[in-house]
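The structure appears below as structure tokens.
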Amino acid sequence: MDTLIFYYKTYPVITYSTIVLTLVSLCAALLGVSLVLKRFSMIGDGLSHTAFGATSIATAASFAPIYIALPFTVVAAVILLRIRSNAKIMSDAAIAMISSSSLAFGYLILNLFPSKSSSISGDACSSLFGSASIIGIKKSDVLLCAVLAALVLFVFIFFYNKIFAVTFDENFAGATGTKVEIYNTLLAVVTGIVIVIAMNMVGALLISSLITFPALSAMRVFKTFKKAVICSACIAVVCALTGIMVCIVASTPVGPTIAVANVAAFAVFYIIGVILGK
Amino acid sequence: MALITAENLSLGYEGKTIAENINFTVNKGDYLCIVGENGSGKSTLMKTILGLKAPLSGTVTFGDGLRKNQIGYLPQQTVTQRDFPASVTEVVLSGCLNKCGLFPFYKPSHKALAAQNMEKLGITALADRCYRELSGGQQQRVLLARALCASTGLLLLDEPVSGLDPIVTQEMYSIIKNLSDSGLTVIMISHDIAAAVLYATHILHVGHTPLFFGTKADYLESDIGKSFVGDAGKAILGNYDTINSIFHQNGDVKK
């Protein structure tokens, strides 16, 4: 506990990082419930790879990654969703193609145009697995992330009933006058935003754990949409905070620590679900 | 003016026609049954009426001031719904969404409407239960209650009894008949020609050239009707009132 207080006093940036990480986990978990139920989990995974590719281009061009990765990923999100609703192209194969080609392009660009400031493997590693320690998160990113996260949260709460309807039964919603396309696109855009923010901190390869685990854990135990969403949000916040504390005290990398916390939470909820089911 | 008019509709996927020259009209209070074999384009036709799918050619026109957010729809169940965490109330209430417009939340009047429709279909006791844990018949009632929340006069039902056992099937048909009797316009897709002949006022038989569209009595006299229903149809028709009174004697729904 003393160590924690010491760190928070010495490095004020940790306070910001804690807030942003918690907000991002919360957003990811909220969207996660809808994405998992719509069978879009793999789209989240594919998008994070796309974001990695975009970030590499930004690094090579010495731009702030987020300004390139954000539009790139949002566009990719909308395209992936279109593919998904078009029966002609196999969507899981398309996602696999986009994921692996983005990874390949990203790493290739990092090698062809190495940035002067840091090593190639260092850049790649922090993009893929997140910052090595919580102090490594840049203060400039923190404010932008906080704003985007707040936006996502607002969209989710404001369109909660529409998101439920579109997730539960797209045909019914469309037939009775709800603009399904608009809400699906909104969901894709917001997912893209969350993925880009999260990639800065937890890494491209670990974002899926923030999206899928809290939702799946919550659905083991809770049987109404509202309860599942609230529980999913709570799990995400608790796991993010626990993960950050462990990071600070044990100097572990942020992304994997939070991801492991989410795996542990899933195990607990799985067992609770089995016990309640009997 | 008719509620729905379809003119020279052609339906299909990616240029491949599965049904063409579909013409029919639906008037207020009609109970239209769309029958035909698997793959004859019944569900596609319904999706076209609902505007979920564009026809290859031809038009569907809404009359009598009918708007899209006044239609209730009972779709076939999807894979997603099998493991979806949702309470009965949440599902039924989502039928009121088209009354919300841009307002983000449900109003007390929407909740009252949902409660009223749950009462009407006898699922009030299930309000807090999880949708995926209900029996097939209960799930269909929940979806029907949702459709009623969305509807102010027109109800479209896509195979409402598929996968239900015979007793529950009869209950479902009798619920739909009551709704039709109360003034609702009903369009139903069915495999079950006997039930169609028993309950509907009009029949549209697709997947056959020429298509048949007309009243039930005309259908039984037509060649296509005779070959599909035969003399049994007339017998059913003769017994119609008897059967109906049996249902109504035991309350609205036969237990």
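In what follows, every heavy atom counts, from backbone to side chain, and hydrogens, waters and symmetry copies are set aside.
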Subject >> CA sep, side-chain torsions, deciding dist, call: Phe105(B), Tyr160(A), ring pair (Phe, Tyr, Trp, His ring centres under 6.0 Å) >> reply: CA-CA 8 Å; Phe105(B) 308 108; Tyr160(A) 169 82; 8.2 Å; no
**OP:** Check the pair Arg146(B) / Phe168(A) against side chain to side chain contact (heavy atoms under 4.5 Å, CB included), numbers first and verdict last.
**Re:** CA-CA 12 Å; Arg146(B) 178 183 65 165; Phe168(A) 182 74; 3.6 Å; yes
Original post:
Passes side chain to side chain contact (heavy atoms under 4.5 Å, CB included), Phe164(A) versus Leu97(B)? Steps please.
Top reply: CA-CA 10 Å; Phe164(A) 170 82; Leu97(B) 194 67; over 6 Å; no
Original post:
Which is it for Lys47(B) and Asn171(A) under the side chain to side chain contact (heavy atoms under 4.5 Å, CB included) test, yes or no, and what are the steps along the way?
Top reply: CA-CA 9 Å; Lys47(B) 284 186 175 155; Asn171(A) 279 333; 4.1 Å; yes
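Considering only heavy-atom pairs separated by less than 4.5 Å from chain A, the leading option among Cys100(B), Cys130(B), Gly72(B) is Cys130(B).
The environment of CD in Glu37(B) is crowded: more than 12 heavy-atom neighbours from other residues, nucleotides or ligands sit within 6.0 Å. Counting non-hydrogen atoms of other residues, nucleotides and ligands closer than 6.0 Å to CZ of Phe72(A) gives a total of 12 or fewer.
Looking at Glu133(B), only its side chain comes within 4.5 Å of chain A, counting heavy atoms on both sides. Residue Thr176(A) touches chain B through both its backbone and its side chain, counting heavy-atom pairs closer than 4.5 Å. Of the two parts of Tyr106(B), the backbone and the side chain both hold a non-hydrogen atom closer than 4.5 Å to a non-hydrogen atom of chain A. Interface residue Ala175(A): backbone and side-chain heavy atoms are both found under 4.5 Å from chain B. Only the side chain of Leu143(B) comes within less than 4.5 Å of a heavy atom of chain A; its backbone N, CA, C and O stay farther away. Looking at Lys227(A), there are no atoms closer than 4.5 Å to chain B (heavy atoms on both sides), in backbone or side chain. Heavy-atom distances place both the backbone and the side chain of Val91(B) under 4.5 Å from chain A. Proximity to chain A involves both the backbone and the side chain of Ala86(B), based on heavy atoms less than 4.5 angstrom apart.
The backbone N or O of Asp169(A) sits nowhere less than 3.5 Å from a side-chain atom of Gln81(B) that would complete a donor-acceptor pair. Of the possible polar contacts, one joining the Glu90(B) side chain to the Lys226(A) backbone as a donor-acceptor pair under 3.5 Å is found. A donor-acceptor contact shorter than 3.5 Å links the side chain of Asn161(A) to the backbone of Pro104(B). Within the 3.5 Å criterion, the main-chain N or O of Gly177(A) finds no donor-acceptor partner in the side chain of Asn98(B).
Contact check for Val33(A) versus Pro85(B): no side-chain heavy atoms found under the 4.5 Å cut-off.
Closest approach of Phe172(A) to Gly95(B), counting heavy atoms only: CE2-CA, 3.9 Å. Looking at every heavy atom in both residues, Thr224(A) comes nearest to Ser87(B) through CG2-CB, 3.5 Å.
Distance check, rounded to the nearest 0.5 Å: CZ of Phe225(A) to OG of Ser94(B) gives 11.0 Å. One finds the CZ atom of Arg132(B) at 6.5 Å from the NZ atom of Lys223(A) (value rounded to the nearest 0.5 Å).
Taking a cutoff of 4.0 Å between a charged side-chain nitrogen and a carboxylate oxygen, Asp83(B) and Lys38(A) do not qualify as a salt bridge.
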